[in-house]
Structure formats: structure tokens, C-alpha cells
Novice: 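Handing you this structure, nothing more for now.
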Amino acid sequence: MRRILIAVLAALPLTALADGQATLVDGDGDPSSAVVARWAGDQLRVDFPEHAARGYLLMRDGKGHVVTNISGQTVVLGIRDVQSLLGQLGGADSSQLGSYQAQSVTSLTATGETETVAGLQGDVYLLDWVNKDGEAREDRLVLSPTQAALELLGVFDRYQQILTGRADPVAATLREHDLGILRFGDRFQVSALSSNSPDPAAFALPSQSGGLQDLLKSVVQ
């Protein structure tokens with residue numbers, strides 16, 4: 001779950017957004033890897049159906065939150081607090097996004113091939129890029145100029161910038177070509193994509209009955 005989330009947030013590219021919903025899975029199409037995103041305007045919620053008990057991510061009012069449940073108590077944490085905590089505990093923090101985040105884009109080349117992803121026909125491109133660890137990479141992307149694919153690109157770019165505070169050169173390159181994304185190599189692909197408006201209640205920030213100290217206690221127990 002964490003791998004696909006990091007890949008999505010780091011590799012995708014900020015625009016005014018409409019409403020929509022999407023399900024993303026890993027490159028093998030494994031249903032257990034599913035990530036469900038729902039958005040409306042500048043609000044975004046990301047759920048993990050196979051790991052629902054672990055909580056979800058919520059972005060609203062320009063801030064990112066992690067909403068989780070610890071021993072029956074709802075805990076709402078800022079995304080940067082969670083990143084810092086994971087770093088202190090020896091887990092993955094934002095610095096470990098380096099292998100997924102782009103430092104620069106060398107080229108984006110159309111192959112002439114097409115591929116249908118989530119019922120949408122896209123064109124296959126080769127993306128040559130350098131990640132923040134300085135490694136040269138090449139990935140096959142399936143891209144589409146459809147509004148739904150462009151919306152999805154903008155959704156995750158917004159969240160990625162909240163996570164890292166940095167603009168993404170891959171996003172900039174795709175926007176220059178007016179293309180949205182349906183597949184990124186073997187990292188993730190869209191399995192469902194629609195412009196249906198989510199229930200506004202999905203974006204309500206819950207009242208919390210616990211906090212960072214509760215989370216720390218749960219980790220050390």
C-alpha cells in the first residue's frame with residue numbers, strides 16, 4: 001500500500017479542479033493494492049480499502065491530514081507531523097521519496113502505440129528522467145488528453161506539493177503537452193475513473209479524541 005501511494009504522490013503532477021473519483025492499483029492490477037481518491041474543488045480524500053482500519057488521508061484548506069483510529073479514539077495528525085514521526089522511528093520520511101521524485105526530465109517521446117486503461121484509450125510514451133537520487137530512469141507512460149485524466153493529474157500534483165513543497169518537472173512536462181496520466185510504468189495504473197461528485201461528508205474533518213501522544217503510545221506498546 002505504501003509503495004503505490006508514494007509512487008502516485010511523487011510521480012504525478014496544480015490546477016483548478018472539478019469533482020471526480022478514481023481507483024488506482026499497482027502495475028500488476030492487484031486489487032489488494034487499490035487506492036481510492038475522491039476530490040471536489042481543492043478537497044481530496046485518499047482511502048485504502050484493504051487497509052481501512054489504518055485510516056485515510058484528507059486534504060482541505062491547503063493542509064494535509066492523516067485520520068486514523070487508535071484504540072477506539074479518532075486521531076487527526078498533520079501530514080508533516082507524521083512524516084517527522086516516521087523519520088524519528090526509522091521509517092520512511094519525505095527524504096525517501098527520492099527514488100520516485102523527479103529532479104529533471106530529459107525527454108518525452110511518443111511511441112506510436114496506444115493502450116486502453118480504465119476504458120480510456122491513451123497513447124504510449126517513453127519518459128526519460130532523472131530522480132532526486134541522481135539516477136537516470138526510463139518509464140513507459142500511458143497518457144491521455146481527456147479531461148478526466150487531466151483532473152487526476154492535477155489532484156495528485158496538489159497533494160504532492162503539500163507533501164514536499166516542491167514543483168514536479170514530470171507534471172510540468174505533461175502539462176506542456178496537455179496530457180493527463182493513466183499509467184506510470186509498472187508503478188501504478190488507473191482501474192476506474194469518473195467525474196461523479198463525491199458525498200461532501202467525505203471531506204469533513206472529524207473531531208479528534210486523541211493526538212500525537214496517543215499515536216506514540218500505540219507505537220511503543
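FYI, side chains are in, hydrogens and waters are out, and symmetry mates aren't considered; it's all heavy atoms of this structure. These numbers come from a predicted model, not from an experiment.
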Novice: How long is the straight-line distance from OG of S144 back to CG of D178, given to the nearest 0.5 Å?
Specialist: 11.5 Å
Novice: Report the C-alpha distance between E115 and R140 in whole Å, list the side-chain angles of each, state the deciding distance to 0.1 Å, and finish with yes or no for salt bridge (charged side-chain N to carboxylate O under 4.0 Å, His left out).
Specialist: CA-CA 11 Å; E115 183 177 330; R140 287 171 63 89; 5.4 Å; no
Novice: Apply side chain to side chain contact (heavy atoms under 4.5 Å, CB included) to D28 and D186, showing your working.
Specialist: CA-CA 7 Å; D28 295 326; D186 61 356; over 6 Å; no
Novice: Is the shortest heavy-atom distance from the side chain of V170 to the side chain of L127 under 4.5 Å?
Specialist: yes
Novice: Which residue, V190, V36, V46, forms the side-chain contact (heavy atoms from CB on, under 4.5 Å) with L24?
Specialist: V190
Novice: Once rounded to the nearest 0.5 Å, what's the spacing between atom OG1 of T114 and atom CD of Q121?
Specialist: 4.5 Å
Novice: Run F188 and D26 through side chain to side chain contact (heavy atoms under 4.5 Å, CB included) and show every step you take.
Specialist: CA-CA 4 Å; F188 67 86; D26 65 18; 5.9 Å; no
Novice: Do L174 and L153 come within less than 4.5 Å of each other through their side chains, counting heavy atoms only?
Specialist: yes
Novice: Provide the closest heavy-atom pair for E138 versus L126 in the form atom of the first, atom of the second, distance.
Specialist: OE2-CD1, 4.2 Å
Novice: Using the test side chain to side chain contact (heavy atoms under 4.5 Å, CB included), find all partners of S107 that sit at least two apart in sequence or belong to another chain.
Specialist: T109, D128
Novice: Which value, rounded to the nearest 0.5 Å, describes the distance between L143 atom CG and T173 atom OG1?
Specialist: 11.0 Å
Novice: Locate the shortest heavy-atom distance separating A37 from L44; write the atom from each residue and the value.
Specialist: CB-CD1, 4.2 Å
Novice: Is any side-chain heavy atom of R60 closer than 4.5 Å to a side-chain heavy atom of D42?
Specialist: no
Novice: How long is the straight-line distance from CG of N196 back to CG of D19, given to the nearest 0.5 Å?
Specialist: 9.5 Å
Novice: Please answer whether the main-chain N or O of E135 pairs with a side-chain N or O of D133 as donor and acceptor at a distance below 3.5 Å.
Specialist: no
Novice: State, with a plain yes or no, whether a side-chain heavy atom of L141 is found less than 4.5 Å away from one of V124.
Specialist: no
Novice: W129 vs D139, test: side chain to side chain contact (heavy atoms under 4.5 Å, CB included). Steps then yes/no.
Specialist: CA-CA 8 Å; W129 57 290; D139 283 286; 3.0 Å; yes
Novice: Got a second to check how far M59's CE is from L57's CG, nearest 0.5 Å?
Specialist: 11.0 Å
Novice: Does the side chain to side chain contact (heavy atoms under 4.5 Å, CB included) test come out yes or no for V25 and D30, once each step is laid out?
Specialist: CA-CA 6 Å; V25 293; D30 181 3; over 6 Å; no
Novice: Between CG of L193 and CG of L152, what distance do you get to the nearest 0.5 Å?
Specialist: 6.0 Å
Novice: Do you know the tightest heavy-atom contact between V67 and P206?
Specialist: CG1-CG, 3.7 Å
Novice: To check you understand the geometry: which heavy-atom pair defines the closest contact between A34 and T23, and what is its length?
Specialist: CB-CG2, 4.1 Å
Novice: What's the shortest heavy-atom distance between R38 and D47, and which atoms?
Specialist: NH2-OD1, 3.0 Å
Novice: Considering non-hydrogen atoms only, spot the tightest contact between A118 and A192 and give its length.
Specialist: CB-N, 4.0 Å
Novice: Please determine if R45 forms a cation-pi arrangement with Y56, meaning its NZ or CZ atom is less than 6.0 Å from the six-membered ring centre and no more than 45° off the ring axis.
Specialist: yes
Novice: Taking side-chain hydrogen bond (donor to acceptor under 3.5 Å, both in side chains) as the test, write out the residues that go with D123, two or more places apart.
Specialist: none
Novice: Hey, is the main chain of G134 close enough, under 3.5 Å, to the side chain of N131 for a donor-acceptor pair?
Specialist: yes
